[in-house]
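Atoms within a ligand are numbered from 1 in the order they appear, just like the ligands themselves. As a basis for the values below, the full set of heavy atoms in this structure was taken, side chains included, without hydrogen atoms, waters or symmetry mates.
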Amino acid sequence: MQDNKVQIFDTTLRDGEQVPGCKLDTSQKLIIAERLDLLGVNVIEAGFPVSSPGDFISVSEISKIVKNATVCGLTRAVKNDIKVAAEALKYAKFPRIHTGIGTSDSHIKFKFNSTRDKVIERAIGAVSYAKSFVEDVEFYAEDAGRTDNGFLAKVCEEVIKAGATVLNIPDTTGYCLPEEYGAKIKYLRENVKGIENVILSCHCHNDLGMATANSISGVVNGARQIECTINGIGERAGNTALEEVVMILKQHPYLNLETSINTKLLYDTSIMVRESMGMPVQPNKAIVGANAFAHSSGIHQDGVIKNRATYEIMDPEEVGVTESAIVLTARSGRAALAYRAKKIGYELTKVQLDAAYTSFLEFADQQKEIIDEDIHKIMDTVNKISKI
Ligand code: KIV
Ligand code: ZN
């Protein structure tokens with residue numbers, strides 16, 4: 001029987017920070033790492049230590065301050081990368097080296113000009129070497145999404161024998177369909193000797209908008225770690241969004257899969273990452289976008305004002321948003337206008353509301369949104385009319 005705990009592996013500071021314009025300095029990374037630890041992530045991928053002296057220092061400093069999470073450093077299947085990562089991680093309470101190599105035919109041919117056998121040899125060598133520094137070694141089979149399942153199973157079996165504790169199955173190019181990615185995880189669970197002794201990990205990219213769906217399909221089929229980033233930032237179209245997978249598992253308890261995330265910190269963490277990286281979040285982004293809990297059409301607003309559950313599948317407070325927003329536009333109805341007017345002190349009779357609504361529609365047809373200042377103006381007009 002598999003455990004029902006899904007480990008959350010956050011790679012905001014590694015795959016997320018690779019995005020042009022998202023670069024952070026060490027002090028900014030330390031603030032985010034501390035927040036991720038508080039949020040309850042299980043693993044923080046702090047960087048790629050051999051990539052630059054700055055990244056080495058960041059991983060090393062993060063290792064010193066993180067109290068609960070495992071701190072992980074990325075490497076290629078290259079001895080010096082692994083040695084440098086081990087050095088950067090030496091202060092971590094729970095260090096992990098994340099090493100790996102491309103396994104798809106296109107990576108083997110075009111990136112390495114090599115053969116499948118030689119790639120297996122390098123994978124074994126990298127894991128064994130990493131194991132001489134730390135107990136916890138994660139292996140990634142880059143481009144596993146496009147790797148032939150039989151060969152992928154062989155690679156997995158060999159790196160387990162070499163001591164890997166976690167097997168990362170990245171859909172590096174964001175190509176897989178959810179059924180296909182889930183079937184890949186299932187295939188590995190059924191065909192790799194020793195798989196019951198390691199954690200299978202999903203690492204999905206969002207090139208076709210399926211990173212979240214693929215990760216969920218992965219855990220439903222037996223993976224027990226999801227690699228993700230805050231706000232889904234990452235290479236190209238991004239990585240799996242942490243807030244999305246966490247809330248999907250929380251809102252679907254029948255899946256019987258849990259994470260250790262304190263969901264009430266999600267919204268603030270999203271803002272922290274958005275601001276320090278200067279990477280805006282689209283308004284319609286699930287969970288943390290400005291419109292995620294905003295209602296603007298009359299039919300929806302009327303329903304939500306009567307009972308939130310009519311159009312909301314989760315309580316905004318669960319993710320740290322104080323309340324749902326009723327946004328006034330030309331599509332809003334009387335109920336929404338009365339609701340917003342009451343919030344700023346106007347208790348309207350039916351006759352007043354009818355008059356205010358007529359005036360409201362005139363205003364609303366001229367602008368995108370009616371704000372509190374406009375409501376005051378509308379009420380002034382209504383008062384003048386009622387005094388005549
Ligand atoms: O997308 C990917 O394959 C990666 C690996 C380096 C883990 O980010
Ligand atoms: Zn990636």
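In summary, Glu158 and Lys161 engage in a salt bridge, as defined by a charged side-chain N under 4.0 Å from a carboxylate O. Electrostatic pairing of Arg96 and Glu45 does not count as a salt bridge here, judged by no charged N lying under 4.0 Å from a carboxylate O. Asp143 and Lys111 are not joined by a salt bridge, as no carboxylate oxygen comes within less than 4.0 angstrom of a charged side-chain nitrogen.
Considering backbone and side-chain N/O of Glu227, none are found under 3.5 Å from N/O of ligand 1. Among the atoms of Asp15, some N or O lies under 3.5 angstrom from an N or O of ligand 1. The shortest N or O to N or O distance between Asp143 and ligand 1 is not below 3.5 Å. At a 3.5 angstrom cut-off on N or O pairs, His203 counts as close to ligand 1.
Not a single heavy atom of Glu235 sits under 4.0 Å from any atom of ligand 1.
A cation-pi contact links Arg122 to Phe112, judged by a cut-off of 6.0 Å to the six-membered ring centre and 45° from its axis.
Remark: among candidates Asn168, Ile101, Thr99, Thr11, the nearest residue to atom 7 (C) of ligand 1 is Asn168, based on non-hydrogen atoms. Taking only non-hydrogen atoms, the option from Arg236, Arg14, Glu45, His98 nearest to atom 5 (C) of ligand 1 is Arg14.
Other residues, nucleotides and ligands contribute over 12 non-hydrogen atoms within 6.0 Å of the CD atom of Glu190. Annotation for Glu347: atom CD does not count as buried by contact number, only 12 or fewer foreign heavy atoms lying within 6.0 Å.
Close approach of ligand 1 to Thr172 is summarised as follows: ligand atoms under 4.0 Å from at least one heavy atom of the residue are 1 (O), 2 (C), 3 (O). The ligand atoms of ligand 1 that sit less than 4.0 angstrom from a heavy atom of His205 are 1 (O). Below 4.0 Å from some heavy atom of Glu142 lie the following atoms of ligand 1, by number and element: 3 (O).
Taking Ile, Leu, Val, Met, Phe, Trp and Tyr as members and joining any whose side-chain heavy atoms lie under 4.5 Å apart, directly or through other members, the hydrophobic cluster of Val166 also contains Ile199. Grouping Ile, Leu, Val, Met, Phe, Trp and Tyr by side-chain contacts under 4.5 Å, direct or through others, leaves Tyr175 on its own.
The salt bridge (charged side-chain N to carboxylate O under 4.0 Å, His left out) test applied to Glu227 returns no partner, not counting sequence neighbours.
The ring of Phe360 has its center closer than 6.0 angstrom to the ring center of Tyr357.
At a cut-off of 2.8 Å, measuring from the Zn ion (ligand 2), the protein N, O or S atoms that fall short of it are Asp15 OD2, His203 NE2, His205 NE2, waters left aside.
Using cut-offs of 30° and 60° on the angle between ring planes, the pair Tyr129 and Phe133 is perpendicular.
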